[in-house]
Amino acid sequence: MSTASTLPPVHQYEENTSRGSAIGAWLKGQYALYILLALLIIATITRGSVFWSGTNLTNLLLQMSIIGVVVLAELIVVLTGGIDISVGSALGLAAVIAAGLFGGPSIWLALLVAIVIGGIVGAVNGWLVAYRGLEPFIVTLGMLALARGLVYAYGNGIPIIPEAAATFASFGQTTIIGIPVLAIIWIAAIALIAFLLYRTVWGRRVYAIGSNKEAARASGIPVKRTLWSVYILAGLLVGLGGWMFLGRFAAGTSTAGNLLELEAIAAVVIGGARLSGGYGRVFGAVVGTIIFTVIANLLSLLNVSTFLQDAFRGALILVAVTLATVSFANSRRRTKAATETATDSPASSSTPAGQS
Amino acid sequence: MSTASTLPPVHQYEENTSRGSAIGAWLKGQYALYILLALLIIATITRGSVFWSGTNLTNLLLQMSIIGVVVLAELIVVLTGGIDISVGSALGLAAVIAAGLFGGPSIWLALLVAIVIGGIVGAVNGWLVAYRGLEPFIVTLGMLALARGLVYAYGNGIPIIPEAAATFASFGQTTIIGIPVLAIIWIAAIALIAFLLYRTVWGRRVYAIGSNKEAARASGIPVKRTLWSVYILAGLLVGLGGWMFLGRFAAGTSTAGNLLELEAIAAVVIGGARLSGGYGRVFGAVVGTIIFTVIANLLSLLNVSTFLQDAFRGALILVAVTLATVSFANSRRRTKAATETATDSPASSSTPAGQS
Amino acid sequence: MTSDQHGHDPTTDPQQTVAFRATGVKKHYPGVKALDGVDLTGYAGEVLAVCGANGAGKSTFAKLLAGVETPTDGDIMVAGYPHPVRNAAEAEQAGVLMMHQEPLIIDDFTVGENVWLYKLRAGRDIRPWAQKTNTNSQRTREVLRGVGLGHLRTTELARGLGPGQRQMLSLSRAAVTKHRIMILDETTASTSEEHFNDILDLVRREKAAGTCIIFVSHRLNEVFAMADRIAVLRNGRLVDVVRAADSSPDDVTALMIGQALKALARPAPVEHHGAPPVISVQDLYGGSARGVSFDVRSGEIVGLYGLVGSGRSSVARTVTGQRQAVGGVVTMRGERIKLSTPGDALRRRIAYLTEDRRLEGFVNDFDNGQNMSLVVLPRMARAGVVNAGQEKARVKELIRDFQVKGGVKTMTKSLSGGNQQKVVVAKWLEADPDFVVLDEPTKGIDVGARANIYEIIQSVAARGKAVLVVSSEAEELLSLCHRILVMRNGKVVAEFDPEHADTDDLIRTALTHQD
Amino acid sequence: GCGKIYPTDEPASGPANGVKADVQDVVVGFAQQQLQAPYFAAMQVRAEQIAQEQGFTLLFQAANKDPVVQMNQMQAMMSQGADVLVVNATSVKGQFEMMTQVASKIPVTYIDTSVPGTGMTSVQSDNLTIGRESGKITAQRFRDMGKDSISMVILTGPATDEFVGPNRRQGFLDGLTEGGVEYEIRAEQSGEYAQDKGQVAAENMLAGNPDVDLILGLNDSMALGGYNVVNGKPQYDSVYVAASADGQKEALALIKSGGCDGKYISTGLNSPSLAADEALRISIEVATGQRVPADFPAESFTKAVGIGCENIDEYYDPNSVF
Ligand SMILES: Nc1ncnc2c1ncn2[C@@H]1O[C@H](COP(=O)(O)OP(=O)(O)OP(=O)(O)O)[C@@H](O)[C@H]1O
Ligand SMILES: Nc1ncnc2c1ncn2[C@@H]1O[C@H](COP(=O)(O)OP(=O)(O)OP(=O)(O)O)[C@@H](O)[C@H]1O
Ligand SMILES: [Mg+2]
Ligand SMILES: [Mg+2]
């Protein structure tokens, strides 16, 4: 019997394969991009010549490359439905120990040390989360305090200057065809993470676990092992960030990486990732990184008073995210009027902008 | 075809109404309580006489009452599946404006002002989250920066001393039958929130929304309105906290409430609440508050080097939560052996200790 | 859209009181016209069945009526309510009660609280004492007993309930709410036949009280046992409304899918060559299974029948490593095995198709392609890097084979319930396991696609694999299996040869056998 | 019935637990404001050295710049039997009532930052003068280069910096004027007293104002960050760096190595060791009954000097902690 040959028409489905509407749909979801665009327009109007000057663009690249690597680490953790608030302290720890161990004689030894430290921190976090089933927030909160405490204890609060400080400083200033080497490292890390997430079995598993852990488990995915690997990879990235910190500042200060976690999470979230996991793109996280760096840079360029900077930053964030959804809702309403298809259905709140 | 209709409905199992192991089951879930117990034992062994002295107990009560009120605010937000990282700044803003508006002539006027400010902040957060569907993290991050910025701007970073500073100071150190009045306010707030959550329709709605927003909406619960009310109530509590801050320190400092959000979230989570919402108890949050206050107090009493304090605090948190789940897992294994029915079924990962 | 080819026009009836009237109702999702202009009237005191293939728009219509979704165009007036309902709260006030295809259960609430969930609706009454209903009261327990959940503790969390129990729990709300329209959206899909009697009883009572009942089901025998009129939807349009008395299941099937179904061939008999069974289970304990033993041979399809809660799923989960066995021996081809995770099982080519689609069936944020390839992805990858082209090509084939109404890039969660189920079935059969347990594989799947899935299952067995099918539908097992085991209270109590048994035998054994 | 935890406002008239004859029995509580800058860390190291030498017990806590935390820590010290407190206050104005309450139970000696009107005495660094001395040296250098008007950018403290930073800033500017140099401030941004933050702020300010003559950091850490930006970059060849205070080792090393045409022009001496010595001396005298609180003036200042290329050898010690 072959019902297949007489397929009933009720099961037919026409896939919309037109490229145009795909890009349109994609653009509609990229509200981080609109925020960035708006920021760039504001920057151009107010301080255009300075903002777009070569020096400032180089500064921007430098300023975003360290946090950029940390944002990638945060992203993969957030994709699993976790959160890592220890990234800042772990970066500090990696930087300080890499600067101080054996006196910090070589930048390559420091790279190794920093990555190992980061990896260890990540492995501990990941083990507790994956194998002991603990809440990531509380685990990484403990690690936040522990790592920062070790930073203080290691240098008694005094910055650690590696022996190879001069090499670090000159390495940090190196550019390749005009692009700072630190930025190149960041871009390489973006490419690596994008490849891992989108092109490998591991990446697919990360998304599956974040979206529906039970389904992932039932489908034979090694949930614990994958979760652990995510935290370890995040740790390695953070360690790399610590090393880049040394390259940029040539000293392991005890405040290195302070409050970085907040900015990293914010960049991931404004880039469209969902804190409950399973949804988020590398592209969005990168845009989020750029947004926060540009905001800080712009406030500096406009020489906004220290007293008002925080207020401006906060208001900017609130206005930006609100406007982005307003314009999104509007464009949706327009679509509706045009095609009579869109709705105010409850499902509409499950857009990326929706609450998790 | 209709044979089924000839058979009587079945009820194969006997009704099970046993209440026997209710307390046992409850105790099993209270791992925060064990952490606290362990801490108290450590405190008694190491610095017993000082720790349990009247002065220190009064200090402890004072130290936990302000954060305690903020933890309650955080709890109700977390129950809805949200997060509020603006509580610290909002507390600062309420304190500073209450101290400065009209010169801060009266503590009762200040109470009104603080609560109104807190309520406004909460209403803005809640409106953006509930009606604009924005991610709570990013909204309250914006508010965190905005409110802190306004604090700085309001006093140009200089603390605001209310005219009634002396009244505030004497109010803050008043005791009633030996209990500081601030602690009494905290206890009243606990009772209020417990009543609202456990005894009212509103409270059940909060849990329903946090547990399954779609189901809540589809069963006719006014999701948006309830969400908004939660954030407003949280704001009012934070405002109250700001006023209590004035009572304790008699000045609206620009650092008031700094980093409080982290501690508040941590207390809520260690108290067993699930960050994804729908699960969490007032009792747990109170225990969480006490735990963090006792840790800080104990580290001071033990005169642990400041460099190591953070490290100790972090290590303590990690060890405590890990041990708590170890003993929990063990007791589960024992139950299993005894009854031969318990399992490692997927559902077991959704215990409070499980990852959200 | 309406038809009067049956003489008297059954779509309208001036003699009866109108309960609701839908006119020109459209519901369009981006890229999908779920409903495309439906006019339908329901009357007080009747059972109106809504039939249609998967994705025809049945649930969509029900959701519009219940105010959970708002129509793109047209409106639905509920009798006694001044304007079209705009949200679930208004629908409640208008007296519409809906049992969703995915039941509305708050996992963190107790069973008792879930019974009274609608107490939390939009009523302005949020005074503390308004919540007074004791969710652990005698009344609550009676209500639960009324839907066959008397053995549950009212104070236990709903999180632990299986899909069948969730359906019945949601149904229990009918007893505690005031309503004039009751919608049952595939409430019977994951419950066994004997629960149908509870539901039938309930429906009769409701009908007598003047409620308009809308009944959605793919089981045409149930539809004909219950309905007064049958509305048939196809691709979002109302094809016809017929009187149950004037029609037959074959007519309705033809209306639904545009052709009549051929009868399913019996599976070819299995030949034993003395080889050890693929899987052999001895004295298995775990979950609610209490000492279960059976074998499944190569090429054999074994059915497992029982009532809701009889322990079938516990057995299925335990032998496939989804949960750990507490006692007992499982041997695979003579070798003793111990599975502690689904991953272990998969490595031994043992698979389990879950009955709990909502919780562990598919990944919410994945599209059909990603969901279907989830299990077999490592096979489509080299050194961990996915071969995207191969993946896409294979998934396209699967979508065609399983007649999924959706594309590779369609999000699985936006599919209709039955189409989601097809995705899940496809995902597991694609893994090509040596031993596969299918737990309620055809739940919610329409008659057309169902035949197709049976064929695929038979072809799997024909390739020498061992298949265990858990089902609540006796008929399905009788036509599909070589042998049928019946469970009761966690034990296998009888074995039938489908050639010499009928539905009644199975149900009676499941119900009345004493041990 | 009602009661008060701190029944009186009057400052304590003697050690909290009575006069101790033997210095070995004395317990000193040291409530440090923060440890996020080397200056504060160095103070702790010095205090611990002194405690070791003299044999008294030192309770040391740092408050992370938060008055609330500091209050809790002081309370814990008193619970532990501290006789006297050394406090580096977190907020000059904001802690008035708090410190009144604390000082009613225990003699308080402020170090570095004080809360006027409370406590027994204060050992302060005179930020205004320190800044002015450094400013004068910088002015001299620019005069030597033939410039008598400069443009500059300033790295300030965070918004919570109510007292110290503004004084150092004003002092330095006064010093420039006194030294005969006119200045124009092109931009001011916070570097939060940290090297990395200072470096970023300096980068941004220089991008907008590449032609400035001077980057002023209100402490050495930030100025070092600024130095990293301009060091070795040809486009910033004529940009110099100065700090108004601290005398951190790395900064002194730069001054020394650069000589009188180095990029890092000057800083001011704000010796954590001197301050710690003085404050602990006073505390011990009170605790052992050698003197009573009433003997002390409201405030005394530590030595204030500017450090430039000419006097660098007096102050540079490669082995110091700070
Ligand atoms: N939220 C949504 N977004 C996009 N499409 C949707 C959504 N909900 C339903 N659809 C589409 O609407 C169509 C009708 O779905 P509906 O759930 O009403 O079918 P159904 O008749 O109930 O099918 P089944 O028998 O499988 O339950 C389907 O093609 C489905 O993919
Ligand atoms: N460890 C256990 N001990 C006792 N009962 C359990 C245990 N685990 C599950 N149960 C209960 O056993 C009952 C039957 O479980 P199971 O899912 O195996 O049966 P089923 O026949 O497949 O029923 P359904 O049709 O609901 O899936 C359920 O009520 C479930 O709550
Ligand atoms: Mg449906
Ligand atoms: Mg089952």
Side-chain angles (χ1 to χ4, degrees), chain A residues 81-83 85 124 128-129 132-139 141-150 152-153 156-157 213-214 217-218 227 262 265-266 269-270 274-276 305-318 320-322 325-326 329 346 348-349 351 353-356, chain B residues 81-83 85 124 128-130 132-139 141-153 156-157 213-214 217-218 227 262 265-266 269-270 274-276 305-318 321-322 325-326 329 346 349 351 353-356:
Chain A
I83 194 163
I85 60 170
V124 172
L128 290 172
V129 168
R132 303 259 23 118
L134 296 173
E135 183 84 54
F137 185 89
I138 201 81
V139 167
L141 177 82
M143 188 53 82
L144 161 79
L146 177 59
R148 183 61 62 196
L150 291 179
Y152 288 145
N156 276 357
K213 211 159 148 203
E214 295 313 325
R217 199 190 100 94
L227 262 182
L262 228 52
I265 299 170
V269 172
I270 216 168
R274 203 197 296 135
L275 276 179
S276 57
S305 122
T306 314
F307 297 126
L308 287 174
Q309 280 215 3
D310 275 325
F312 264 91
R313 186 193 333 258
L316 220 54
I317 295 174
L318 287 180
V321 294
T322 311
T325 54
V326 166
S348 67
S349 70
T351 55
Q355 194 204 359
S356 67
Chain B
I83 195 162
I85 60 169
V124 172
L128 290 173
V129 169
R132 301 254 30 112
L134 297 173
E135 182 86 51
F137 185 90
I138 201 79
V139 166
L141 177 82
M143 188 54 85
L144 161 78
L146 177 59
R148 182 62 63 195
L150 292 178
V151 168
Y152 293 151
N156 275 358
K213 205 156 148 210
E214 289 313 316
R217 192 197 318 268
L227 263 183
L262 228 52
I265 299 170
V269 172
I270 216 168
R274 203 196 297 138
L275 275 180
S276 57
S305 136
T306 317
F307 292 129
L308 285 175
Q309 276 210 9
D310 275 326
F312 262 90
R313 188 194 331 264
L316 218 56
I317 295 174
L318 288 180
V321 293
T322 312
T325 53
V326 166
S349 68
T351 52
Q355 193 205 359
S356 66

Salt bridge (charged side-chain N to carboxylate O under 4.0 Å, His left out) partners of B:Arg313, counting only residues at least two apart: B:Asp310
Using non-hydrogen atoms only, which part of A:Leu308 is less than 4.5 Å away from chain B: side chain, backbone, both, or neither? side chain
When rounded to the nearest 0.5 angstrom, what is the spacing between CG in B:Leu318 and CG in A:Leu134? 9.0 Å
For B:Leu128, which atoms come within 4.5 Å of any heavy atom of chain A: side chain, backbone, both, or neither? side chain
Output for pair (A:Leu262 CG, B:Phe137 CZ), nearest 0.5 Å, gives 5.0 Å
For A:Leu316, what residues pass the side-chain contact (heavy atoms from CB on, under 4.5 Å) criterion, not counting sequence neighbours? A:Leu39, A:Ile295
So, the part of B:Ile83 with a heavy atom under 4.5 Å from chain A: the answer is neither
Given that the side chain runs from C-beta out, which part of B:Leu146 has a heavy atom under 4.5 Å from chain A: side chain, backbone, both or neither? both
